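Reviewing the structure listed below.
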Protein chains: 2
Amino acid sequence: MNFNAVTIRDIAKELNLSVSTVSKALRDSYEISEKTKKLVIECARRNNYRPNPIAQSLKQGNSKSIGIVVSTIENQFFAQVINGIESVAHKEGYNVIITQTHESYDLEVKNVNHLTSRSIDGLLISLSTETPDVEHLKTLHAQGLPMVFFDRVTEEINTHKVISDNYKGAYDATKHLIDSGFRRIAHITSPPNISITKERLAGYKAALADAGIFTPDYYISYCPHGGRDISEIENALNFLLNLEDKPDAIFTTSDRITTTTIFLLNKLKVAIPADVALVGYTNTTLADVLNPPLSSVHQQGFEIGQKATEMLLSLIKSKWPVTEFETVVLPTHLFIRESSTKPKK
Amino acid sequence: MNFNAVTIRDIAKELNLSVSTVSKALRDSYEISEKTKKLVIECARRNNYRPNPIAQSLKQGNSKSIGIVVSTIENQFFAQVINGIESVAHKEGYNVIITQTHESYDLEVKNVNHLTSRSIDGLLISLSTETPDVEHLKTLHAQGLPMVFFDRVTEEINTHKVISDNYKGAYDATKHLIDSGFRRIAHITSPPNISITKERLAGYKAALADAGIFTPDYYISYCPHGGRDISEIENALNFLLNLEDKPDAIFTTSDRITTTTIFLLNKLKVAIPADVALVGYTNTTLADVLNPPLSSVHQQGFEIGQKATEMLLSLIKSKWPVTEFETVVLPTHLFIRESSTKPKK
DNA sequence: TATTTCTACGCAATCGTTTTAGTAAACATT
DNA sequence: AATGTTTACTAAAACGATTGCGTAGAAATA
């Protein structure tokens with residue numbers, strides 16, 4: 001930084017003291033007399049001295065910053081998670097570096113490398129939908145980088161995790177559709193490899209099974225890129241709506257898939273819920289104002305972020321290697337609106 | 001970083017070379033023989049060596065990171081701007097640190113201090129609605145910190161700026177309402193002190209004046225916190241809708257004010273556009289799917305971010321103090337949807 | 001053969017801060 | 001008076017990477 005060149009050395013020179021005295025005075029060391037402390041502090045203030053955090057980091061071996069990897073901050077859910085992360089991190093004097101994968105594996109690897117090469121103290125990560133394996137994270141984990149997974153987690157790395165109760169969220173949504181009188185309930189979801197897909201699929205299947213409703217496998221559509229390409233969802237809908245036993249309801253996962261589905265159904269002039277009902281996962285604040293108001297499973301994004309950060313900081317601050325890990329599961333909430341209300345005949 | 005302890009010194013020891021030789025080999029210096037270079041590079045790769053960027057920063061006096069200050073990333077407009085910023089920054093090897101003010105002046109000051117104390121090389125900032133003055137930035141600017149303003153800018157600091165054509169956006173929106181047959185057009189907007197408010201207000205007034213329509217001052221409502229509190233907008237609407245010469249159309253500014261207005265109007269069972277038409281500023285991807293589809297002025301968020309970052313990097317890289325500054329104005333686009341279509345009688 | 005020029009590398013200082021290991025001087029204890 | 005104990009400070013070594021300068025030995029030139 002050349003825009004703020006005042007260093008501890010300048011103060012030392014001005015006061016005819018050694019740098020170590022100045023440093024200790026500023027850190028309020030017991031070794032320094034009150035008189036000198038006052039002198040130093042006053043001089044620092046007068047010269048608008050700010051300790052160079054880079055030098056501090058180098059000396060202390062930590063950077064007081066944590067890295068975040070999410071798919072995209074345009075997703076309201078992740079924006080809320082990040083707000084939760086920041087609320088805890090800032091309180092503890094950590095700053096955060098946010099990176100986005102846009103669901104790409106390449107970008108995930110690049111971002112993780114970039115973050116670690118920026119010397120982060122810990123990592124908060126939600127896996128990209130396109131991530132086939134977690135070797136890039138295993139190495140770092142083995143090297144001792146504290147990491148906490150949230151939302152999309154992996155079984156292959158043993159560390160803290162924070163997730164929503166995806167199973168129950170999906171179960172509740174599906175059961176609600178069943179209770180509302182729908183029987184042919186399709187499911188449009190993310191790629192089968194990521195955790196949230198599996199958990200939500202299990203909840204969906206369980207609700208149907210518990211109600212004794214048989215559902216063919218072709219009612220389940222996976223979007224390989226998590227809805228990054230609108231065509232993925234378009235294809236899924238075209239397929240479903242042209243079936244002979246066309247579904248009378250759809251349960252969607254993920255913010256993007258859900259909001260895109262409502263957009264496409266409207267465009268296709270498929271009436272919701274008259275032609276097909278819809279319940280989705282989304283954290284948009286606009287669900288109420290959509291046409292029609294969208295029934296949705298809402299996740300506690302902010303709280304997920306908070307919890308994950310608390311756990312990460314506890315790992316970072318721990319003096320001994322942590323071997324006991326925890327997976328925190330936060331409840332989801334189903335908001336019932338018009339998109340899933342059986343129209344009266 | 002203790003989780004990645006491989007340093008240049010470790011490599012030197014392993015190969016029985018000096019640290020300087022290793023450093024120079026890795027930096028491909030002409031002073032080092034090809035044979036040694038190959039040896040060093042291979043050893044570095046094998047040991048998963050990564051240069052410690054903190055040490056590099058300290059030596060080189062830059063941090064290769066830029067700070068961003070926005071009101072909130074939950075706002076789609078800012079999320080898009082940030083994506084634009086990242087696209088340019090990452091390409092140039094810079095990483096970004098995002099902070100949010102949530103429209104609070106206190107948080108803005110804190111964030112700016114935090115960022116500069118984290119040794120950023122430059123600052124990209126959109127002012128908070130509650131920011132009464134820019135003294136906290138003037139000091140930094142005077143000290144030579146490169147900064148570029150975007151979206152909400154200030155006249156008081158002479159540097160690069162990137163904004164939307166707010167005047168024209170507002171003019172077009174208002175003119176469209178007039179052309180659609182509306183005459184009593186109200187305006188709900190951000191606090192009068194920030195730049196976008198002034199620019200949009202001017203466009204709104206000009207369109208009305210050009211059409212020879214007199215509009216009373218009480219048709220203009222300011223939200224002191226930019227719509228952070230829903231009650232601000234509630235009050236504005238209650239006031240407007242209970243007027244004797246109740247407006248037949250409303251033009252709103254800012255993402256949050258616009259989407260909250262549609263929410264409240266729906267809640268109040270005020271039909272849009274039958275009872276009152278609506279055109280707003282918003283960058284949500286959901287405008288099409290809202291009830292009713294929302295006419296809106298769309299800003300080129302991504303491009304604003306890109307442009308601002310290009311300008312910031314040019315400031316950072318400049319060898320000489322820059323004295324010629326530029327304000328780039330990007331066009332807005334009006335999307336006409338149902339919320340502003342005069343219903344047939 | 002003596003001198004100069006290259007080549008390829010090492011030494012040591014540097015960035016700004018923190019911290020360990022001193023050390024004079026003042027004061028207290030026997 | 002000789003010895004311990006504080007007090008209040010300083011010198012110097014880190015942290016990891018970079019870089020100007022120095023130099024041994026090989027090669028080229030005179």
Side-chain angles (χ1 to χ4, degrees), chain A residues 1-41 43-44 47-65 93 116-121 143, chain B residues 1-41 43-44 47-65 93 116-121 143:
Chain A
M1 299 285 58
N2 53 357
F3 79 89
N4 191 358
V6 185
T7 79
I8 220 167
R9 187 167 274 106
D10 299 327
I11 299 179
K13 205 166 290 170
E14 179 168 333
L15 297 178
N16 253 330
L17 287 169
S18 75
V19 285
S20 40
T21 305
V22 175
S23 172
K24 286 176 181 167
L26 289 171
R27 320 203 78 240
D28 202 25
S29 162
Y30 68 95
E31 293 177 89
I32 307 298
S33 70
E34 288 305 319
K35 206 177 66 187
T36 310
K37 275 184 194 169
K38 209 165 280 174
L39 219 62
V40 169
I41 289 166
C43 179
N47 292 10
N48 194 27
Y49 165 79
R50 303 201 160 249
N52 180 328
I54 292 191
Q56 288 179 317
S57 290
L58 182 61
K59 192 70 181 77
Q60 281 157 10
N62 65 14
S63 62
K64 281 280 183 181
S65 60
T116 52
S117 85
R118 294 294 315 171
S119 289
I120 51 168
D121 292 348
Q143 287 177 338
Chain B
M1 301 280 59
N2 54 357
F3 79 89
N4 192 358
V6 186
T7 79
I8 220 167
R9 188 167 272 104
D10 299 328
I11 297 179
K13 205 166 289 169
E14 181 169 334
L15 297 178
N16 255 328
L17 288 169
S18 75
V19 285
S20 41
T21 304
V22 174
S23 172
K24 286 172 183 170
L26 289 170
R27 317 206 81 240
D28 203 23
S29 161
Y30 67 95
E31 292 178 89
I32 307 298
S33 71
E34 288 305 320
K35 207 177 68 185
T36 309
K37 274 183 194 169
K38 208 165 280 175
L39 219 64
V40 169
I41 290 167
C43 180
N47 291 14
N48 194 26
Y49 165 78
R50 309 212 155 235
N52 181 329
I54 293 191
Q56 288 178 318
S57 292
L58 181 61
K59 190 71 180 63
Q60 283 157 9
N62 65 13
S63 63
K64 282 280 184 180
S65 60
T116 53
S117 86
R118 293 292 318 167
S119 288
I120 49 167
D121 292 347
Q143 287 177 338

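Below, all heavy atoms of this structure are taken into account, side chains as well, without hydrogens, waters or symmetry copies. Below, read A as the first sequence line, B as the second, and so on, with proteins coming before strands; counting in each chain starts at 1. This one's a predicted model, so the numbers in the text were calculated from it and none came from an experiment.
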Margin query: Quick check on DNA chain C: between Pro53(A) and Asn16(B), whose nearest nucleotide comes earlier from the 5' end?
Written below: Asn16(B)
Next item on the list: With DNA chain C as reference, determine whether Ala55(B) or Tyr30(B) sits nearer its 5' end, using the nearest nucleotide of each.
Entry: Tyr30(B)
Note to self: Can you identify which nucleotide, out of dA17(D), dA8(C), dA11(D), has its nearest atom closest to the Gln56(B) side chain?
What the structure shows: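 Nearest listed nucleotide: dA17(D).
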Note to self: Can you identify which nucleotide, out of dT17(C), dG16(D), dC9(C), has its nearest atom closest to the Ile8(A) side chain?
What the structure shows: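 Among the listed nucleotides, the one closest to the side chain of Ile8(A) is dT17(C).
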Item checked: Side-chain heavy-atom pair Asn48(A), Val6(A) within 4.5 angstrom cut-off -> no
Notebook entry, point to check: Is Ile54(B) close to Ser63(A) at the side-chain level, that is, under 4.5 Å between some pair of heavy atoms?
Noted result: yes
Check: Rounded to the nearest 0.5 Å, how far does CD1 of Ile32(B) lie from CD1 of Ile41(B)?
Finding: 11.0 Å
Item checked: Rounded distance (nearest 0.5 Å) linking atom CG of Asn62(A) with atom CD of Gln56(A) -> 9.5 Å
Without decimals, in angstroms, what is the distance between [X] [atom1] and [N] [atom2]?
X: Ile32(B); N: dC6(C); atom1: CD1; atom2: C1'; value: 14 Å
X: Asp10(B); N: dC15(D); atom1: CG; atom2: P; value: 11 Å
X: Arg9(B); N: dA14(D); atom1: CZ; atom2: P; value: 9 Å
X: Ile54(A); N: dC15(C); atom1: CD1; atom2: P; value: 15 Å
X: Leu26(B); N: dT18(D); atom1: CG; atom2: C1'; value: 12 Å
X: Glu34(A); N: dT6(D); atom1: CD; atom2: P; value: 19 Å
X: Lys37(B); N: dC9(C); atom1: NZ; atom2: C1'; value: 13 Å
X: Leu58(A); N: dA17(D); atom1: CG; atom2: C1'; value: 9 Å

Check: Reading nucleotides 19-25 of chain D 5' to 3', which nucleotides get B (base under 4.0 Å from a protein heavy atom), which S (sugar-phosphate only), which -?
Finding: BBB----
Notebook entry, point to check: Which heavy-atom pair separates Ile8(B) from Tyr49(B) by the least distance, and what is that distance?
Noted result: N-CE1, 3.6 Å
Next item on the list: Under 4.0 Å between any heavy atoms, over every strand shown, what does Thr36(A) touch: base, sugar-phosphate, or nothing? Just pick one.
Entry: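 If one applies the 4.0 Å heavy-atom cut-off, Thr36(A) turns out to touch the sugar-phosphate alone, with no base involved.
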Checklist line | dA17(D) phosphate, OP1 or OP2, under 4.0 Å from Tyr49(B) side-chain N/O | finding: yes
Note to self: Counting only side-chain nitrogens and oxygens, does Ser33(A) get under 4.0 Å of the OP1 or OP2 atom of dC9(D)?
What the structure shows: yes
Next item on the list: Take Leu15(B) and Val40(B) through the test side chain to side chain contact (heavy atoms under 4.5 Å, CB included) and record every step on the way to the result.
Entry: CA-CA 8 Å; Leu15(B) 297 178; Val40(B) 169; 3.9 Å; yes
Next item on the list: Might you work through the side chain to side chain contact (heavy atoms under 4.5 Å, CB included) test for Thr36(B) and Leu17(B), ending with a clear yes or no?
Entry: CA-CA 9 Å; Thr36(B) 309; Leu17(B) 288 169; 3.8 Å; yes
